[in-house]
Asks: 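I'd like to ask you about the structure that follows.
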Amino acid sequence: MTKQEMIDALMLEDFSPVYHEADRIRKEVKGDDVFVRSIIEFSNYCNRQCKYCGINCFNQNVKRYRMPLSEIVDTAAQAIAAGYRTIVLQSGEDPYFNGDNAKRLGEVVSAIRALPTAYEPEPDGSKPILDITMSTGELPYEALAHLRECGATRYLLRHETSDPELYAFLHPCGTLEERISCLRNIKKLGYATGSGFMVGLPGQTLSSIADDVILLETLECDMAGIGPFISSPDTPLEGYPNGETELTKRAVALCRIHRPELNLPVTTALGVLNPKEREDAFSCGANVIMKKVTPTKYKEAYSIYPSTIEETRIMEDRQNLDKMIRSLGRRPV
Ligand code: 5AD
């Protein structure tokens with residue numbers, strides 16, 4: 001699709017033919033499999049000042065925590081035992097873990113790689129493949145290379161918005177150019193590369209959402225997380241209107257049509273605004289879901305946006321997730 005075609009599509013009164021096309025392409029290219037990932041939010045310390053984010057460094061009302069190495073590894077082991085084959089390690093840009101070219105982060109990755117459970121054979125006798133996905137912010141090339149050597153296979157770093165001025169307004173401590181350069185390094189190092197953006201940011205235009213979709217193509221992304229902006233208390237964007245779930249799903253559908261091979265999650269933020277929307281997004285082109293396995297005691301402190309806190313029961317949660325996916329006629333993988 002051309003940029004203008006995308007803008008026109010985003011404005012359609014009745015988008016249902018586009019949803020159908022996105023769903024058809026999803027089925028043709030990805031089948032009915034839904035990839036299920038577990039996510040551990042292991043630290044909420046952050047150096048950055050992102051205006052939308054509830055854990056930005058200026059928010060004094062956040063109780064900061066860092067999970068000890070042993071607890072991160074134990075949580076990963078439980079996730080593997082519950083059937084997950086992807087562990088997403090997410091944190092703020094935490095100088096403790098990211099220092100010395102991410103030495104401590106590397107220790108976490110290596111320790112998870114060394115888990116005996118990571119190599120228990122699957123029921124059919126094959127060796128399971130464990131993917132470790134980093135979602136730990138912008139890092140220098142050497143740090144990214146080190147993590148790759150330790151065994152990390154994927155990296156998530158949303159570009160957030162492709163509009164350079166809006167990006168600069170939202171991020172007093174970084175530029176879109178730096179973000180893109182980091183994403184290029186991630187790609188160059190052979191990570192499966194995930195970017196993505198928020199929908200409904202203050203001042204965002206439909207034209208810049210079309211540019212967001214095009215940027216995913218330019219960066220040769222393998223995955224893209226697209227979620228609505230949710231206004232967070234104690235941030236400079238407190239009180240701004242939330243992004244629309246309908247526009248978010250439209251953006252997901254356009255991504256599926258524009259880049260059929262992308263892995264597209266139904267994002268948590270979509271479910272926060274309306275739980276039904278998260279399931280709905282599976283018929284708009286999405287084929288991935290992430291589930292938090294973060295221990296319950298840390299969850300409240302990892303509020304990048306407001307949401308209800310659910311108790312973590314790793315095994316039970318996974319079973320319920322599989323059930324939900326099957327109820328949609330899809331297959332959890
Ligand atoms: N609303 C929606 N998404 C947010 N993120 C951070 N803060 C918010 C918010 N207030 C998203 C960003 C970030 C990802 C981890 O969470 O896109 O990359």
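Just so you know, ligand 1 is whichever comes first in the structure, and atom 1 is the first atom listed for that ligand.
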Asks: Can you name the one residue among Thr235, Ile230, Asp234 that meets side-chain contact (heavy atoms from CB on, under 4.5 Å) with Ser232?
Replies: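 Considering Thr235, Ile230, Asp234, a side-chain contact (heavy atoms from CB on, under 4.5 Å) with Ser232 is found only for Thr235.
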Asks: Can you tell me if Ser162 and Asp212 form a side-chain donor-acceptor pair at under 3.5 Å?
Replies: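 Yes, side-chain donor-acceptor contact under 3.5 Å.
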Asks: Between Gln90 and ligand 1, does any nitrogen or oxygen pair lie at a separation below 3.5 Å?
Replies: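 In this structure, Gln90 places no N or O atom under 3.5 Å from an N or O of ligand 1.
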Asks: Please report the shortest heavy-atom distance between Val29 and Pro260, naming the atom on each side.
Replies: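 Looks like CG1-O, 3.5 Å.
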Asks: Is there any N or O on Ala269 that sits under 3.5 Å from an N or O of ligand 1?
Replies: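 No, no N or O pair falls under 3.5 Å.
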Asks: What is the nearest protein non-hydrogen atom to atom 4 (C) of ligand 1, stated with its residue, atom name and distance?
Replies: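 It is Met198 SD, 3.5 Å.
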Asks: If the cut-off is 4.0 Å to any non-hydrogen atom of Cys53, which atoms of ligand 1 fall inside it?
Replies: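 By the 4.0 Å cutoff, the relevant atoms are 7 (N).
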Asks: Using a plain distance cutoff, I'd like to know if Tyr52 has any nitrogen or oxygen under 3.5 Å from a nitrogen or oxygen of ligand 1.
Replies: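 Yes, at least one N or O pair falls under 3.5 Å.
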Asks: How far is atom 12 (C) of ligand 1 from its nearest protein heavy atom, and which residue and atom name does that atom have?
Replies: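 Result for atom 12 (C) of ligand 1: Glu160 OE1, 3.3 Å.
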Asks: Asn263 and Lys30: side-chain donor and acceptor closer than 3.5 Å?
Replies: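 Yes.
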Asks: Are the aromatic ring centres of Phe229 and Tyr240 under 6.0 angstrom apart?
Replies: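 Aromatic pair excluded; centres sit 6.0 Å or further apart.
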Asks: By the definition side-chain hydrogen bond (donor to acceptor under 3.5 Å, both in side chains), identify the one residue from His20, Arg26, Lys27 that meets it with Asp23.
Replies: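 With Asp23 as partner, His20, Arg26, Lys27 yield a single side-chain hydrogen bond (donor to acceptor under 3.5 Å, both in side chains), made by Arg26.
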Asks: Does any N or O of ligand 1 fall below 3.5 Å from an N or O anywhere on Ser232, backbone included?
Replies: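 For ligand 1, there is no N or O atom that lies under 3.5 Å from one belonging to Ser232.
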Asks: What's the shortest distance from atom 11 (C) of ligand 1 to any protein heavy atom, and which residue and atom give it?
Replies: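 For this ligand atom, the closest protein heavy atom is Arg158 NH1, 3.6 Å.
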Asks: Can you find a side-chain donor-acceptor pair between Ser16 and Asp14 that sits under 3.5 Å?
Replies: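 Yes - a donor-acceptor pair under 3.5 Å links their side chains.
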Asks: As an exercise, identify every atom of ligand 1 less than 4.0 angstrom from a heavy atom of Phe229.
Replies: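 Going through ligand 1 atom by atom, the ones under 4.0 Å from Phe229 are 1 (N), 2 (C).
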Asks: Could you tell me whether Pro228 approaches ligand 1 through its side chain, its backbone, both or neither, with non-hydrogen atoms closer than 4.0 Å?
Replies: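 Backbone only.
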Asks: Do me a favour and list the nearest non-hydrogen protein atom to atom 16 (O) of ligand 1 with residue, atom name and distance?
Replies: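 Sorting protein heavy atoms by distance from atom 16 (O) of ligand 1 puts Ile304 CD1, 3.5 Å first.
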Asks: Nearest protein heavy atom to atom 10 (N) of ligand 1, by residue and atom, and its distance?
Replies: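 Of the protein heavy atoms, Ile230 O, 2.7 Å lies nearest.
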Asks: Could you label the plane-to-plane angle of the Tyr65 and Tyr298 rings as parallel, tilted or perpendicular, counting under 30° as parallel and over 60° as perpendicular?
Replies: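 Parallel, since the angle between the ring planes stays under 30°.
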